[in-house]
Amino acid sequence: MMIQYPILMYISIFSVALPLCVGISRMRILGRGMNILLYYLIFAFAADMYLRYFAKGYQLTLGLNHVYYLIEYIFIMSIITVWQETLRIKRLFQALMLLYILFWIIAKFTFEPLTGLYSVIAGTSQGLLVISAEFTLFVFIRDRIHPVINHYRFWVLLSFVIYYAGTLLIITSRGMLLHYSTEAFFLVTSIDWSLKILFNILFTVGFLCPQTKA
């Protein structure tokens, strides 16, 4: 029996078209961090489309989701690392990236293999991204003289904090949610879809802001 997904899910998936179109149109003036963000959006959209329409079988989809969270973490942490003001802090975030990659590899061979759910590795990555984005946003706001709302970093970092904090509980409890009805699962997951739409809207604002080479 084919599952009928709510319209909100499709809006969530295709909402990425907005920042993608704006980002691609301004690609020549984007700095390194925003270019990485643009590549992440291309990856995320391609992954969503493949997992939704082309991946066949529950085990394959499950395994690909494990890999998705690793690649997503590398993309987002790379952006956060690029936007650090000092070399010492940059190295700290680079170390966090490498430690998470090592943790992910160990998890796949021990307590959370590719054939099982991904609550621990996904929850850990999102928790680290929330803390890292909050720190970076705080430092950015503290050190600015001009209004922060005119700067792309503010909108992108804000989107990271809102989305990853807002979906952290959903990700870590996904295994439990599978035991409830489809209607209950969709009701909870609608929070994720709604936040993803906001995520992409804030990225769009960021791409529309004046750009620098950082």
Side-chain angles (χ1 to χ4, degrees), residues 11-55 61 63-85 89-102 104-105 118 121-122 124-126 128-137 140 151-164 167 171 192-193 195-214:
I11 296 173
S12 172
I13 291 175
F14 290 100
S15 65
V16 72
L18 189 58
L20 266 179
C21 290
V22 176
I24 291 171
S25 70
R26 310 196 78 196
M27 185 181 290
R28 290 186 177 181
I29 63 171
L30 297 179
R32 186 180 174 193
M34 294 302 281
N35 265 308
I36 296 172
L37 177 61
L38 185 59
Y39 296 141
Y40 162 70
L41 291 173
I42 294 170
F43 157 75
F45 179 65
D48 274 342
M49 293 299 291
Y50 183 79
L51 287 168
R52 189 68 56 192
Y53 296 109
F54 300 103
T61 302
L64 290 174
N65 271 292
H66 283 261
V67 177
Y68 175 89
Y69 282 105
L70 174 64
I71 298 175
E72 177 187 55
Y73 180 85
I74 292 171
F75 268 119
I76 304 302
M77 191 58 82
S78 295
I79 296 168
I80 291 172
T81 301
V82 166
W83 287 346
Q84 300 310 310
E85 301 293 337
I89 301 300
K90 282 181 186 288
R91 286 176 175 169
L92 172 63
F93 282 104
Q94 287 169 347
L96 275 177
M97 191 189 307
L98 292 174
L99 284 172
Y100 177 78
I101 293 171
L102 179 61
W104 187 93
I105 293 171
Y118 41 84
I121 58 108
T124 302
S125 71
Q126 295 204 189
L128 288 172
L129 291 176
V130 170
I131 294 169
S132 302
E134 282 181 338
F135 169 81
T136 308
L137 182 60
F140 174 75
H151 202 288
Y152 59 86
R153 289 191 194 182
F154 170 76
W155 296 105
V156 174
L157 290 169
L158 181 64
S159 71
F160 291 161
V161 173
I162 292 174
Y163 179 73
Y164 292 117
T167 58
I171 289 296
D192 187 351
W193 295 329
L195 287 172
K196 180 58 73 70
I197 295 169
L198 177 61
F199 190 60
N200 288 319
I201 290 172
L202 294 178
F203 285 160
T204 304
V205 176
F207 279 122
L208 288 170
C209 287
Q211 303 292 316
T212 65
K213 290 301 178 183

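Side chains included, hydrogens not; waters and symmetry mates left out as well; all remaining heavy atoms used.
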Notebook entry, point to check: About how many Å separate CG of Leu30 and CG of Leu37, when rounded to the nearest 0.5 Å?
Noted result: 9.0 Å
Margin query: Show the nearest heavy-atom pair for residues Ala122 and Ile171, with the distance to one decimal.
Written below: CB-CG2, 3.2 Å
Note to self: To check you understand the geometry: which heavy-atom pair defines the closest contact between Asn200 and Ser15, and what is its length?
What the structure shows: ND2-OG, 2.8 Å
Checklist line | Candidate pair Leu38 and Phe207, rule side-chain contact (heavy atoms from CB on, under 4.5 Å), full reasoning | finding: CA-CA 9 Å; Leu38 185 59; Phe207 279 122; 4.3 Å; yes
Check: So, the side chain of Gln211 versus the backbone of Tyr152: is there a donor-acceptor pair under 3.5 Å, distance only?
Finding: no
Check: Roughly how far, to the nearest 0.5 Å, is the OG atom of Ser78 from the CE atom of Met97?
Finding: 3.5 Å
Next item on the list: Answer yes or no: is there a donor N or O on one side and an acceptor on the other, between the side chain of Arg26 and the main chain of Cys209, under 3.5 Å?
Entry: yes
Checklist line | Tyr69 and Gln126: CA distance, side-chain angles, deciding distance, side-chain contact (heavy atoms from CB on, under 4.5 Å) verdict | finding: CA-CA 9 Å; Tyr69 282 105; Gln126 295 204 189; 3.9 Å; yes
Margin query: Please report the interatomic distance CG(Leu96) to CD1(Ile101), rounded to the nearest 0.5 Å.
Written below: 11.0 Å
Next item on the list: Would you please name every residue forming a side chain to side chain contact (heavy atoms under 4.5 Å, CB included) with Ile89, sequence neighbours left out?
Entry: Gln84, Thr86, Phe93, Phe135
Note to self: Set out, in order, the CA-CA distance, both residues' side-chain angles and the distance that settles side-chain contact (heavy atoms from CB on, under 4.5 Å) for Tyr50 and Leu64, then state yes or no.
What the structure shows: CA-CA 10 Å; Tyr50 183 79; Leu64 290 174; 3.5 Å; yes
Margin query: I'd like to know whether the aromatic ring centres of Tyr118 and Tyr68 sit less than 6.0 Å apart in this structure.
Written below: no
Next item on the list: Spell out, as yes or no, whether a donor-acceptor pair under 3.5 Å connects the side chain of Asp48 to the backbone of Ile13.
Entry: no
Check: Can you find a heavy atom in the side chain of Val156 that is under 4.5 Å from one in the side chain of Phe203?
Finding: yes
Margin query: Any side-chain to backbone donor/acceptor pair from Lys90 onto Val82? Under 3.5 Å, distance only.
Written below: yes
Next item on the list: Identify the heavy atoms of Ser132 and Thr136 that sit nearest to each other, and give their distance.
Entry: O-OG1, 2.8 Å
Check: What distance separates Gln94 CD from Leu99 CG, expressed to the nearest 0.5 Å?
Finding: 12.0 Å
Next item on the list: For Glu134, enumerate each residue passing the salt bridge (Lys or Arg N to Asp or Glu O under 4.0 Å) test, keeping only those at least two apart in sequence or located in another chain.
Entry: none
Checklist line | Trp155 side chain vs Ile201 backbone, donor-acceptor pair below 3.5 Å | finding: no
Notebook entry, point to check: Can we call the ring centroids of Phe140 and Phe154 under 6.0 Å apart?
Noted result: no
Check: Taking atom CG of Leu18 and atom CG of Leu41, what is their separation to the nearest 0.5 Å?
Finding: 10.5 Å
Notebook entry, point to check: Testing Leu158, Val130, Asp192, Ile76 for side chain to side chain contact (heavy atoms under 4.5 Å, CB included) with Tyr163, which one passes?
Noted result: Asp192
Notebook entry, point to check: Roughly how far apart are Ile79 CD1 and Ile74 CD1, rounded to 0.5 Å?
Noted result: 12.5 Å
Next item on the list: Determine the minimum heavy-atom distance between Glu72 and Tyr164, stating which atoms define it.
Entry: OE2-OH, 3.1 Å
Next item on the list: Take Tyr73 and Ile121 through the test side-chain contact (heavy atoms from CB on, under 4.5 Å) and record every step on the way to the result.
Entry: CA-CA 10 Å; Tyr73 180 85; Ile121 58 108; over 6 Å; no
Check: Would a line drawn from the ring center of Tyr39 to the ring center of Phe43 be shorter than 6.0 Å?
Finding: no
Note to self: Could you report the tightest heavy-atom contact between Ala133 and Phe160, atom names first, then the distance?
What the structure shows: CB-CB, 3.8 Å
